[in-house]
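Model, not experiment: these values are computed from the prediction. In what follows, chains carry the letters A, B, and so on, assigned in the order in which the sequence lines appear, proteins first and then strands, with residues in each chain numbered from 1.
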Protein chains: 4
Amino acid sequence: MKSDGSTETTSVRREGPKRSEASRQAILSAAREELIEHGWRSFSPDRLSRRAKASKQTVYRWWPSVAAIAIDAAISMIDEPVIKPEEPVDVQLAAFIEPFSELARVGDGAHLLRSALLAASDDPAAGEIFRTWFNNTIRKPMKNVLAQAASKGRIRRDYDPDAVCETLFGAVWHRLILMRGPLPHVLAMKSAQAVLASLRP
Amino acid sequence: MKSDGSTETTSVRREGPKRSEASRQAILSAAREELIEHGWRSFSPDRLSRRAKASKQTVYRWWPSVAAIAIDAAISMIDEPVIKPEEPVDVQLAAFIEPFSELARVGDGAHLLRSALLAASDDPAAGEIFRTWFNNTIRKPMKNVLAQAASKGRIRRDYDPDAVCETLFGAVWHRLILMRGPLPHVLAMKSAQAVLASLRP
Amino acid sequence: MKSDGSTETTSVRREGPKRSEASRQAILSAAREELIEHGWRSFSPDRLSRRAKASKQTVYRWWPSVAAIAIDAAISMIDEPVIKPEEPVDVQLAAFIEPFSELARVGDGAHLLRSALLAASDDPAAGEIFRTWFNNTIRKPMKNVLAQAASKGRIRRDYDPDAVCETLFGAVWHRLILMRGPLPHVLAMKSAQAVLASLRP
Amino acid sequence: MKSDGSTETTSVRREGPKRSEASRQAILSAAREELIEHGWRSFSPDRLSRRAKASKQTVYRWWPSVAAIAIDAAISMIDEPVIKPEEPVDVQLAAFIEPFSELARVGDGAHLLRSALLAASDDPAAGEIFRTWFNNTIRKPMKNVLAQAASKGRIRRDYDPDAVCETLFGAVWHRLILMRGPLPHVLAMKSAQAVLASLRP
DNA sequence: CGCTAACCGAGACGGTACGTCTGGTCTTCTT
DNA sequence: AAGAAGACCAGACGTACCGTCTCGGTTAGCG
């Protein structure tokens, strides 16, 4: 997630005070608490600014929408997947899901995650933020893993990488959003193995 | 959208201290329009009752929550899946997805569907309504189909029916909720075949 | 306050296509309680009919407005003044005020009286009902008393009867409506004597 | 009715986190119109804020109750009585009533006045506001006038100042609230003279 | 070292929505 | 025909929230 944008080397002179990092953190932190307590539909800038002891002006100055805050707040809690090329393919695929199920397991992480996904779905612009992040963090690396596997002959050559991604994460959304069920540790491996089973060369 | 509407012989009839079917239909119809125009987060009982020319009292009298209305409004647009036991298993499985992708293809059906899913996720009680419907309409019949297929030796005996359901519909949710992408006609068959490929005996 | 209530030997009898006296009494009685509890501005036909176990239809059928009910409910509690021609003029004049201050002294009578006066003032039509009653019960008899007194030479011949009435009851309204003060027993006599003092022949 | 209104040089200025005087005036002005058009019982914060183009929040922020607004709106239209000690006592007493009958004579002033009095009677807290104003503006100054007159031997020494006030204004209330009659110019002097007649030394 | 500009918390503003209660009307069923 | 019951549309209730605006104070860096 692009948070501050410190690359302003060109002509746009930023005179005077700079963005308060303390305020930014307070708002994101308050956002997490608010999303967990009240959910996405009742996520209100008013309560947010009150809880963060920040003025509404400050909130509106730095985020394009409340949905963007929700996504920002949640994404910053999801670790980057750690892929080790030397491991078997199923383990590598499962590694993409791990950060999600890990967050969903601790405390009210599932609620936070769900709220952010709802925000991404509700607000098209904010959804674009999420999709960009998802593409960079999940979809592209996964494509690489699959390409590698295919070149080694582990899976069929006529596989559809997007369909694989869809299937793997579809199960996550199904449990998280619709079923409000848990994301047990084994889910990642079971999904990965099922997908691979359908891709046997 | 309007299914019967045949009773409107005179101008605007009221039928006394019984629930008015005309009012119910007007509210559901207005709900569909509101969800499509404004989305779930801005789905307001105020605007709904104004559009339906119904009093808010009437809305609150007959539905436990706005989320319940959203789900009611969407579910009533989803046709029951038509399963023909004599057809191949992949066709039967695809038939469960068909009603969804069919609705998503016409007009703003996708938006309506997405809004209802958000409602189901936002409001736990309303989510229960959706889950009950999903269980009766999709999950249980699908279990029967799978059991039949297993008894005929078409698929492995150690299959997990919930995982199959999860995988099949996960792709739908992924496209509908997160990617805001289309649900092309072939998706149903492709998903069904991929799932079956992983269940080869 | 409950005037009949004795006929309720069986449960709740209904007596067909005549106006139900039981219903009328129940409504008036409930009206008194409602006016005392909630005051005029919050006097609601809804609560009234609920408390009286009468349908709103019945209320609207027999009274032209809620204000009329309030006045009806209060007036029926005010005794007719008892005038004895053989007594001194000041006693006779004071006798007109007595029923008011008597009602105001018992329980929440002052509140009931005040509410009815507000109703009479708020609703012009209902005000007319009150004025008619006041004219017949107070103003005309008082005029007779004054004419008698004048013919006996007790007061000046150029008195203005309406001004006398106005002065006597003005003090009552002042205390009752604006000051929310008590109407002590001596007030009637003091007012009467003050008025007479200004009419000495 | 509009007293200054001169500050509106630019279109509609807002002046930040201080109370907006423009808003206050708009609300009081709208309140006067609403009270005249609909009376006290139908005086609704909803319509008031709509007419004043002010938000309901703003109304509730600055007034403790709707009744308080009604009283504020009316009182601000009643001029302070102008008492000249060198004039006869009856003229001085009449001067207290003059501002009331003056307001009642112009346009719908009587309706406005009546509505405010009903508000004062309906709401005990708001009534207290009115009583405080009445005490400071009418009762205390009148006591001074009477004390002066008594010390000069114009009236009896054993007069009751509250009874005098009650009698003088009782006639006003009687006409204004109950009889819905006019407050002719002569009323003030006639009442004053009648009261004084009963106080002859 | 004072000026200026962007920052910040605070909060008033006109609006809209919340879920509940009420106002009058109407309809059905019961007596 | 009268009455109890209650559904209906309309809209008021007081509170909470929306996004915009203005205030007064603070802080950086340029002149």
Side-chain angles (χ1 to χ4, degrees), chain A residues 13-20 22-24 26 42-50 52-62 65-66, chain B residues 12-20 22-24 26 42-50 52-62 65-66, chain C residues 12-20 22-24 26-27 42-50 52-62 65-66, chain D residues 12-20 22-24 26 42-50 52-62 65-66:
Chain A
R13 299 190 301 106
R14 291 273 327 278
E15 297 175 336
K18 297 287 175 55
R19 173 171 192 181
S20 157
S23 175
R24 190 183 143 261
S42 307
F43 182 55
S44 107
D46 246 27
R47 252 201 323 256
L48 173 64
S49 70
R50 231 178 295 138
K53 288 190 185 304
S55 100
K56 282 197 283 178
Q57 187 70 277
T58 306
V59 172
Y60 285 114
R61 210 192 323 260
W62 300 111
S65 66
V66 274
Chain B
V12 183
R13 297 266 299 122
R14 290 245 12 277
E15 51 234 77
K18 295 286 174 59
R19 175 167 193 181
S20 156
S23 176
R24 192 184 141 261
S42 306
F43 182 57
S44 100
D46 252 29
R47 253 201 323 256
L48 172 64
S49 70
R50 233 178 293 138
K53 288 189 184 305
S55 106
K56 283 199 281 179
Q57 191 76 9
T58 305
V59 172
Y60 284 111
R61 206 186 334 253
W62 301 111
S65 66
V66 272
Chain C
V12 182
R13 297 267 299 117
R14 290 252 4 283
E15 50 231 78
K18 294 282 178 57
R19 175 166 191 182
S20 156
S23 176
R24 195 184 83 92
I27 288 169
S42 307
F43 182 57
S44 105
D46 248 26
R47 252 202 321 259
L48 173 65
S49 70
R50 229 176 297 138
K53 289 190 184 307
S55 97
K56 282 200 281 180
Q57 188 70 276
T58 307
V59 172
Y60 286 115
R61 210 189 326 258
W62 298 111
S65 66
V66 273
Chain D
V12 182
R13 298 265 300 123
R14 289 240 18 271
E15 50 233 81
K18 296 286 173 58
R19 175 167 192 180
S20 156
S23 176
R24 193 184 141 258
S42 306
F43 183 57
S44 100
D46 252 29
R47 254 202 321 257
L48 171 64
S49 68
R50 233 178 293 140
K53 289 188 182 306
S55 105
K56 281 199 281 179
Q57 191 77 13
T58 305
V59 172
Y60 285 111
R61 210 189 327 259
W62 300 112
S65 66
V66 272

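A donor N or O paired with an acceptor N or O is not found under 3.5 Å between the base of dG14(E) and the side-chain atoms of Lys53(D). At a cut-off of 3.5 angstrom, the base of dC21(E) holds at least one donor-acceptor pair with the side chain of Gln57(B).
In this structure, Trp62(A) does not reach the dA6(E) phosphate: none of its side-chain N or O atoms is under 4.0 Å from OP1 or OP2. Within the structure, a side-chain polar atom (N or O) of Arg61(D) is placed less than 4.0 Å from OP1 or OP2 of dA12(E). Note on Thr58(D): a side-chain N or O is less than 4.0 Å away from OP1 or OP2 of dG14(E). Between Arg47(C) and dC21(E) there is no side-chain polar atom (N or O) within less than 4.0 angstrom of OP1 or OP2. Taking 4.0 angstrom as the limit, Ser23(D) places none of its side-chain polar atoms (N or O) nearer than this to OP1 or OP2 of dA12(E).
Protein atom NZ of Lys56(C) is 10 Å distant from nucleotide atom P of dT22(E), rounded to whole Å. If you measure from atom OH of Tyr60(C) to atom P of dG24(E), you get 4 Å, rounded to the nearest angstrom. Per the geometry, CZ belonging to Arg24(B) stands 12 Å off P belonging to dC8(F), to the nearest Å. In this structure, Lys18(D) places its NZ atom 8 Å from P of dC23(F), rounding to the nearest Å. Separating the CZ atom of Arg19(B) from the P atom of dT28(E) is a distance of 17 Å, rounded to the nearest angstrom.
In the set dC13(E), dG19(F), dC9(F), dG19(F) carries the atom at the smallest distance from any side-chain atom of Pro45(A). For Asp46(C), the listed nucleotide lying nearest its side chain is dG23(E); candidates were dG23(E), dC18(E), dC13(F). In this structure, the nucleotide among dC13(F), dC13(E), dA4(F) sitting nearest to the side chain of Ser44(D) is dC13(F).
Rounded to the nearest 0.5 Å, atoms OG1 (Thr58(A)) and CZ (Arg19(A)) are 9.5 Å apart.
The two atoms that bring Phe43(C) and Val66(C) nearest to each other are CE2-O, 3.6 Å, heavy atoms only. Taking all atoms of both residues into account, the shortest heavy-atom contact from Lys56(B) to Ser49(B) is CG-OG, 3.4 Å. Here the closest non-hydrogen pair linking Ala26(A) and Ala52(A) is O-CB, 3.6 Å.
Heavy-atom nearest nucleotides on DNA chain E were determined for Arg50(D) and for Ser55(B), and the one closer to the 5' end corresponds to Arg50(D). Between Phe43(A) and Ala54(B), the one whose closest nucleotide on DNA chain F sits nearer the 5' end is Ala54(B).
A distance-only check finds a donor-acceptor pair linking the side chain of Arg47(C) to the backbone of Ser42(C) [under 3.5 Å].
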